[in-house]
Each structure stands twice: as C-alpha cells, then as structure tokens.
Amino acid sequence: MLGFELSEPATLDEAFDLLADGDPGVRPMGGGTALMLMMKAQIFKPERLVSLRNVGGCFDGLRIDADQSHIRIGGMTTFAEIERSPMVLQHLPAVVRTMKTLANIRVRHVASVGGNLAHADPHLDLPPVWMAHAASIRIVSKSGERVIPVEDLFAGYYETTLGDGELIGEVIVPVRPEWTSTYVKVTTRSAHDWPALGIAVSANLQGQRVNDLRLVLSAALDRPTRLDAAENELRGSDLSEAALKRAGEAAVAEADIHSDSRGSAAYKQHLLRVHLSRAMHSLAGA
Amino acid sequence: MVALMPVGNIGRSVPRLESRAKVMGQAEYTHHLRLPGMLYGKIFRSTLPHALIKSVDTSAAKAVEGVFRVVTIDDIRTVIPHPYYGPAFHDQPVLADGKVRFAGEPVAVVLASDPRVAEYAASLITAEYEELPAVLDEVEAATSDICVHDELKPAATFPDLQHLKGRRGTNVALDYRLVRGNVEEAFAAADHVFEHTFRCQQAMHTPMEPFVSIADVRDGRMTLHTASQGPSFVRIEMARLLGWPENRVRVKVPHLGGGFGGKLYIKLEALVTSLSLLVQRPVKISLTMEEQFFMVTKHACTFTIKSGVNNDGKVVARKCRILWNGGAYADIGPRVTQKAGFTSAGPYDIDNVEIESLAVYTNRPPAGALRGFGAPQAAWAYECHTDLIAEALNFDKIEFRRQNLLQEGRPQASGTPVHDAAFEKAMDQVADRLDWHKPFDRGNGRIRRGRGLAVGIKGITSPTTSVAIVNLYGDGSCGLYIGTVDMGQGSDTVMAQIVAEVLGLDAEAVHVIHPDTDVTPYDMGTLGSRSTFHMGTAVRLAAEDVLRKIDDLAKELGLPPNSNLPVSEMLRKKYGMQAGNIIGTGSFIPDYKKPDPETGQTPKATPFWGVGANGAEVEIDTETGEIKIVKLVSVVDAGVAINPRAVRQQVSGAAIMQMGFTMTENMVFRDGQLTNGSLADYKIPSLLDMPEQFVNEYVESRQHSGPFGAKGTGESSTIALSPAIGNAIADAIGVHLTDLPLTQESIFRAIQKKNGTPLPEDDND
Amino acid sequence: MTDARTIRFTLNGAPVSVSVMPHETLIEMLSLRLELKGARESCGQGLCGCCTVYVNGKSVSSCLYLAQLVDGAKVVTIEGINDGAELDPVQQAFIEVGAFQCGFCTPGFIMMARELLDVHPNPTEDEIRHYLIGNLCRCSAYPEIVEAVKLAARRRAAGTTPALAEELSA
C-alpha cells in the first residue's frame, strides 16, 4: 500500500468528482477497516481513497421518520452509534443484540454501515440482519438516486450491484411493531470467530402461528441469501416439529453450501437445520 | 542499600519487578528498537512446498525508489561461505539455496530505510521454479522416496545430540530408541493387549511480539539485538557462521513479548547477521503475525501405542512408536523427538517398554520446541489410551492409574529412578477438585456431561549449564547478571528473590541485568522449565559466593566475627571511599549420564521430573457437537513455590495455551500451502473461551536438589491437559476422539458415527 | 508516490504537527515518527488490541487507521493516561492483581479496560469478557485481567487511591 492519494471531500459533489474516473484503484472509504485489511494483505492496491466522513447529507445521522414508519441510518453511521442508540434499541433490538458479538468495539467505533454493506463480504453479520428486517438502501450518485432492497445489493462474493460512482447514502429500515427478529451467529472454531453460518430471522408471529417471515442465510454462501423455499414451508403454518423439519430440509436444498475451514458442507447443512429450528422457537418463545 | 533484616523472600508473591514499566507501556522490547542508519528487511517467500529455484527476478524490486539492495543466497555467500545453521543439523540455509523446502520459505530480502518501501518492493519479486513432488505427512515421509534433504549433516553442538549421524536417502533425522525388558514376550503373556493410534496437529506459538532481530556490524564486531530465548546459543552459532571468536559477537535481549519455545536457537539472527555484514549497516527484520507461521511451529505427530495388561490391572508391557513431523528443517526437533520419546510410555511403572521415536523431515514449515517439548503430544496418546484400557476392562480410572503410577525411587522407562515427583498427589488433588467421588449427572437428553482426568510426565533437557554473577556495588546495592530471558514467566523476579533470600535483602531492591553476552555469563537457554532449577541454583551459588567473600573481607579488615558491619562500610574501610565490588559467581550443571545408544538406559536421564495432572468437566450439545468446558483443573508439582503467584500464573497460562492446542488451533494445509496463517483464521484462546470454573494449583512438595526446594513449572500444566479434555468428552458421548484438535465437527461426527448415522465425508472441499 | 501532508492534532494533550504519507497507519506514525512505545502492532488485523489508542475519546485499532485521518483530532495513548507520577487506577489494579506476564499486550488491555469502565462503571463478568474480546493475551493472563478490571471498578466507584483503599479496608 504505497503511493496513493487520500482525499477527504467536504461535499458529496466533490466526492463524486473524485470518484468519477471508474479506475478500480479509486474507492470510496467509510470507516476504512475492511479496506485497510485488504490493502495490508496487498489484495487491494489503491490509487485514490475518497473518505466520505465529511460529506454530510443523508450519510450522517440516525433518525426515525415523523410518522414513526422508518428508521433512517446514514451511510457513515458507525456501528457503535447504532449500538448505543436508545431509539434503535427500542425498535430494532435484534440489531443491537447482533453488535455484541460483531468484531470488537474498536472496529464498531470505526466501521460504517454503508461501507460494511458495500464490502459485500458474505461473512459480515449485519447485512443478513438488514435483509431480515426488510431494509432498503438509498443509493446516491452524480446522476441522482435510487432505493433498492438490501438483498438486491449483493451480486456475489465481495460483489455488489453498485455502479461506478454510486454510494450507499443511507439504510432505511421499516418499523414493524408486530414482527420479532433475531440473528444467530454460528461459530464452529472458537467462541469469537467469523461465523460458519449467519442465520437472520424476522417473523410476524401469532402464538405458534407464522403469519409471515423472512429468513436469511449468510457466511455459508457467496452472499447473504433469502431462503425462499424454507420461508414458504413456514409461512402461514404453525411452528410444529414437522413444519420446522420441512423448512430445514428446504433450506438445505436451496442453499448451495460448500466446505471451508469452518466446517464441511454436510456439517454446516446439519447446523442450518438445527439452528433454523432453534431460532424459530426462540422467536416464538420471546 | 542492604536491608538489615532478612525479609523472607521465598514463598512470597513478589510482584514482577518490571510491573510499573509494563503497565505504562515503557518496558523495552526489541520490537521498538531502532538504530541510526538502520535498514529494514522484508522477505520474499516461496509459494511452493518443494521446488528447485530456476531463477529469481528482483529487477522490479530493485527499481523501486528507496530500495537499498535486494539480496539472495548468492549475495549471502560472498560474506558467509557456508551459510547453513541449526542446533541439531546444519541444514537450514540463511535464504533458500537452489531449492525451496516449504511454502513460505525465505527466498530473497529487500532492504530499505522505509519498511513500507521494502514491503512493497518485496511484493514485486518473482521466482521461477521447477516443482518437485512434496511430502507433507509424517507417516508417508518416514518411508517416502521423496527426500526433503539430499544429505543430513549433524551439528554436534549439544552433548545430548552428539550421537546424531549423517545420512543420505532418508527423511528420518533421528531414530530414538529405548528398550527395557522384552515387550514381545510380555505381550504374549499378558491377559489383554490394546493398541491405538493418535494424532496431533501442527500448531504455532503466536507470541504477541512477533519474531524480530537486529544485527549491527561495526568495528569488526557484530551486535545482535534480538527477541531470543537463548542469547548464549545465538552468540556461539553466529560466531561459528562468521568464523569469528565469541568475543566479537554480542547478543542483547531486553524483555520478550512471549516466547513459548519459539524464540529459541536461531530464527532471524542468521539472516540479519548476514545482511548487516553484507551492507555494513544495522539491519532489522520484524515479522508480521502472518509470517510467524513460517518461522517455527509445534510438531504434528502420529503415535501408535500398544499395551499388555493383566486382569489384576497391572500394565506389564508398552510399545510406543511416534513419528514427529519436523517440517523442512530440523531446528530442535531431534531433541523434542528424544525428550518426548523417553517419557512416551507415561508416568507408569512398566517392566517391559519399547519406544521408537522418529524425527521426520517433511515439506512443511519447520517444527521446534513449544511449551512441553513434545510431552503434551505424547500424553495425548498415553492418557487417552489409559482411559480406553480402563473402560474396556471396567477398571476405576483413578485406581487403575494409581496401581501403575511410578512411585518414589522406582525406575522410569529409561532406568532413571524417580525422585520428588508427586504424580499421585497431583492426580488425587485433581480428582478432589472435580468432586470425582461424588455422583455426577451425565444427562440423558440433548446435553450430555462428562469429566476426565489425566496425569503427565516430562523429562528435562540435560545436561545444561547456567552461570550467574552477583555483584554488590560500593553502596552495598545488588546487581544480578544472568542470561535467563524474562519472556513473561517472571524469571527476573524469581531470581531476585533467590539472591535476596541468601543475602538478606528485599527482592525488590535487586537489579537484574538483562542478557547481554558482553556482560552476562553463559546460560544454555530459557527453555524446557529449566531456569528456576538450573539458573536458580547458579544464582544461589553466586550469592553464597558473595557471602563467603564478605566473610573473607571481614577477616581481611580484622573485624570481629558477626560484626554486622554493612558491606558498604566494609568496602569504604578497604578502599577509603565508596568504591569497589564484591562479585560472586555460581555455575551449575546437573549430573548426567549419556543413555545407552541401543537401549536408551541411563541412571541420570533428567535432573528432575516435570509433573502435571489435569481434569476437565465438559458439557456437549449432542445435536451440534458444541462443547463447553465447564471446569478445567490443573495441578502441578512445582517443588517449593518461590513465588506462589508466578507459579499459579504459569500453571494457568500454560493450561489456557494448551486448551487452544486441544480445541481450536490447527495449521491447515492445502497442497502444501498454509491456508489459515493469521489470527483471523488461526484461533487462539480469547476471554470468551475461558472455562467457567478454572482451577490452577500446585501440591505441597519439595524438589530436594532444587534451589530452596523449587523446580521448574512453565510447562507442567500443558502435559496432560489435552487427554483430560478428551477423556471428559468420551465420558459424555461414549466415544473417544483420537485426533487433535477436538473440534465441534469432530465431536459431532463421532456422535453420529456411534449412533449409526455417520455424517457424509467431505465431498466438495 | 504521492506526497506527504502535514497534519496537526493533539497527542496526549499537547499539540503536534507531523508530516505523514497517505499510506502511513496511525501505529506507524506513533511508533516510527513520534517514538512512542506503548501501542504496538502485533496481529495487524485489529484483533489483538496491542495497538489500541483513543481517537477523539474512542478506542481504535491504530494498525487499521490511516494516520492522516487524525488531522485535527485528539489522540491519547497509554503514555497519556496518567500524569507520570500517579498511575491510573486500572494500571494500579493490573499491578496488584498481576494481570500480565510478558506485558506486550498490557497497554492495549489497559486502554480498553479504562474505556470499559467509562461505559460500564460496574461491569458484569459477561460485559468485561465481551468488551475485551478484541484483545488477545497469549500468556493467557485472562483470569487476572478480569480480576483487575473488577478491582479497578471498585476503586473508581469508591473514588479512592490504592493507599486510601488499604487504609479503609484495614
């Protein structure tokens, strides 16, 4: 990581100009934690880094709409700000709980919500949680902006659908009082590790009955992925052992899980069945 | 100033002398040291495990602005004609010499004033190779036609390794044998015979201060500032490489940010020495955490153990065959092979024993010493084996052990009688802390619980020498000059306590001079739990020498007996002012008798015995294999604890480290390439891995030959910890795991296999 | 290669200006240009905590932080947490409990423990373990570290110096 330029534009327009040439060595930078790791490993050799910390606008701030319908989290909001926000704790408690085992507090002091999403590492904890919460992102660029569901951001292993010059301005999370959510970080090597599987579940339950749900699997796949078939097995049904078993089998069938250093494919498939079922039970119990 | 009242330094938990410096971040480590005009070296490493080097292209690196020089073995040879080193074999080239023998081996070095420039330039070097077939597994390597080295050249430096022979056409560096009685006859006569094979994985020390060395050639002398556990050996070996007398080489070691056996013998020292000689400027190389995995590791091994047992519970015969995966360079592997070999039948009194322990070269990163010198790998086999036998014959696991444990005065497998080794006491204390004799709920649902224990033995490297100097200055204050390296174990403090006890001082008032071979006398190395015993004795002798000299001075001055005149006053009387010194020296080497080369028998194999017993209580989620260590108990025999808190910390720290080697740590290779060489993927224990209940103790005992009854204890709790956990798992799930580490997946697979529903093997890895 | 830039910031309470390259990390600047020894790079991945410093009152891994980004900021290192004569209560507790062996990771643990006590003045065992999860000690002084944090919490709560605490408990 030698010989690059570090820019800190004060406005979004300046940032767009600095990012304009589409060179792969030119990248926007949020907290910079993931970029620094890639640079130190010489995986990424930058020409220019454009820090977004001073651009302001929708990138800053953490607020709830006046009608209480959506929470808007600026792209440069740090994890620590989210974790310590009473408003987030009230409306999105699963997000705050996820923080407890997410990297460490120093990373959470620095890492930004937008940078985290744009990194598109499938092992990250928050992206599947946003997906389970039916969150969207506001993507801004010189030519305007668009809003897409978080799940449409991921194109593959460390790949996003962001175009040149597009930045993640904010994350928009609907407030859904009738839903409960959880994230299960399944580690297999030691207590504190990257997950072998991340299972994010959000459900609208009535007793043991599942009115609606969103199931997301991360870490074991090339990108966080909705488990549609498994959702279909559970949507509208009771949380019976039979239904959960069917959902588990459906999840294993639809998820293309491969072996890696955290476990063999067969073992991770087994863990998916077990933890999916346990996650549903824990939501119903809570 | 000399305190007039003896203060009772032995058995006192004196806080580390350097405590304040450490909490303020001011303690000196080689890590920080910079010298004027210093160049930084960054290493270009091989990408193949076994290959001939056809060419190395350094042109792009040389073209980088700020690069001072790019160096390969051809350059090194211009200053050191035979650039090979090693404590057991002179087998390791300073940089790869025509051939690479593991993926990650240093091939070239870039020197620059800015370390980032050197790093960037090193990334531009390329090499062309002719790939050779690689041999990675120790069992395969023992008989393979693929030879890692064409010829093996013994170093003949240490007395315990002088029997090594030069060989060709083999990967076996050392074939250690021990024979006692006749195992085959005893097996034939035994009521039962059991045989099992166990495996241990390759692991790494990962000291928090990564390997770092600085060499500074000037005025015809070489000064090395190095994070080393063995400054005296570094001087001897560098003097040999340079062809210089020892007095032209100076080795200085400040505090070490952890060592654990990794920073022994020669690591970066030969490389920085060569580079500094070549460019005539100080050169520093600091490894990154990732690079450490290519420096030295803990041996993987395969151990087949066979025992003959009679119906009355007596073990009558045991045969051990261990293959140690030494990696590409022998380092101190032959000693590990030998030391762990001779105790590999366990702490048991067995009439017929046959041991074969082989150091085997493979195309992996070199393996050396790591906290226990192979004893933990051996104990993993013999203590799991002990439980398996007890279960098969329905013996009580404690009583079966008790019946066979070595008692005071009985000969160990080597023929060396056992003295001052509290195996039984330690085992009983572990059993007590586990409430072994109380009812235990193993559970019958998803969560199963189990408990296990194990007892370990370790021999100590012998014969080795320590020399100490105690210097009373003109005002009577005291300096202690020793080559023992304080790498966190607290040796500075313990040695100060020993001096203080003899001289009637406060330990806190003793100044310990850190290793500097221009100043501090010889010590064989800070390794293998030897310092408290060996250096402690030398320090005691040196302090006693001071007392004798004070007496002589008193006589010379015509003082009445027991005059109690302070030393400072005596020196003032002698010299007419505050001046002079009283210098005491002490030197210690224990009795040793070379083992018979055919049978390994000797009456003096070790100066003392390392003794540790461990216990574990575990909880397993049988649906996932997830394991929780509810309770971890370690009880060691430390003799008399000179600093009780330091002893407990050694016991506790070693236990957690060994828990890592048992549960999570594993260097994973694919096609000879290390795939998880960073702390992100190589998981060492963290605060969240700590057992819920964590008990660390020592038994009341005395090492009669040790200083104030003490013996070394830095490794004792590592020896039998893995089998204690393994046996606890077996107690919970009804099946024994044979291979370390004990991962969740391996536990789950064992459960499924036992239930007749085995999990499919890896298909798409 | 792009040029160095002069940045100005407050280091342990004193204003400094340093010329740094864009690629320099904060730990490189602190150790190579400012010759501070307390923060150390070990794992290089923000996992071990040896390089912990505070930037604008928050702990960061200085090995993953570009030096130029502290322009205008307040940076505090282990060298800046006491006045030189009196140790911080956390430092004092680490000595009394013996919460270190080799000492290499110790400044990082102390920096994190101080921050932990600001966030959780009376931390539970679980809060301690989780807050310090980004710090690794290969000597494994973990039990003593947890003890030291608890001791420092009690001291802070009582608002007492060690000497006074001894008097009170006597």
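No experiment lies behind these values; they were computed from the predicted model shown. Per chain, numbering begins at 1; letters A, B, ... match sequence-line order.
- The main-chain N or O of B:Glu209 is never found under 3.5 Å from a side-chain atom of C:Arg40 such that the two would form a donor-acceptor pair.
- For a residue to count as touching a neighbouring chain, one of its non-hydrogen atoms must lie under 4.5 Å from one of that chain's; by this rule C:Gln91 touches chain B with backbone and side chain alike.
- The backbone N or O of B:Ser678 sits nowhere less than 3.5 Å from a side-chain atom of C:Gln45 that would complete a donor-acceptor pair.
- With C:Phe104 as the partner, the side chain to side chain contact (heavy atoms under 4.5 Å, CB included) test is satisfied by one option alone out of B:His255, B:Met487, B:His31: B:His31.
- Looking at B:Ala27, the atoms closer than 4.5 Å to chain C (heavy atoms on both sides) all sit in the backbone: N, CA, C or O.
- For B:Pro685, the parts sitting under 4.5 Å from any heavy atom of chain C are the backbone and the side chain alike.
- No donor-acceptor pair closer than 3.5 Å links the side chain of B:Ser19 to the backbone N or O of C:Ile95.
- No part of C:Val90 comes within reach of chain B, as not one of its non-hydrogen atoms sits under 4.5 angstrom from that chain.
- Minimum interatomic distance between B:Leu687 and C:Leu132 (heavy atoms only, all atoms of both residues): CD1-CB, 3.4 Å.
- For the set B:Gln650, B:Met289, B:Gln26, the entry with the most heavy-atom pairs within less than 4.5 Å of chain C is B:Met289.
- In this structure, the separation between CZ on B:Arg116 and CG on C:Leu32 is 6.0 Å, given to the nearest 0.5 Å.
- A donor-acceptor pair under 3.5 Å links the side-chain atoms of C:Gln101 to the main chain of B:Gln649, judged by distance alone.
- In this structure, C:Arg129 contributes its side chain and B:Leu688 its backbone to no donor-acceptor pair below 3.5 Å.
- Chain B forms more heavy-atom pairs under 4.5 Å with one residue of C:Pro107, C:Gly38, C:Gly134, C:Gly98 than with any other, namely C:Gly98.
- A salt bridge between C:Glu144 and B:Arg16 is absent, with no side-chain N of the basic residue lying under 4.0 Å from a carboxylate O of the acidic one.
- If you tally non-hydrogen atom pairs under 4.5 Å between each of C:Gly108, C:Pro143, C:Ser31 and chain B, the highest count goes to C:Pro143.
- For B:Leu256, the part sitting under 4.5 Å from any heavy atom of chain C is the backbone (N, CA, C, O) and nothing else.
- For chain B, no part of C:Ile81 is nearby; none of its heavy atoms comes within less than 4.5 Å.
- Interface check for chain C: of the options B:Glu18, B:Gln292, B:Glu28, B:Arg34, the most heavy-atom pairs under 4.5 Å are formed by B:Arg34.
- Only the side chain of C:Leu47 comes within less than 4.5 Å of a heavy atom in chain B; its backbone stays farther off.
- Formation of a donor-acceptor pair under 3.5 Å by the C:Lys37 side chain with backbone atoms of B:Gly25 is not found in this model.
- Interface residue C:Cys50: only side-chain heavy atoms are found under 4.5 Å from chain B.
- In this structure, chain B has a heavy atom under 4.5 Å from the side chain of C:Ile110, while its backbone stays farther away.
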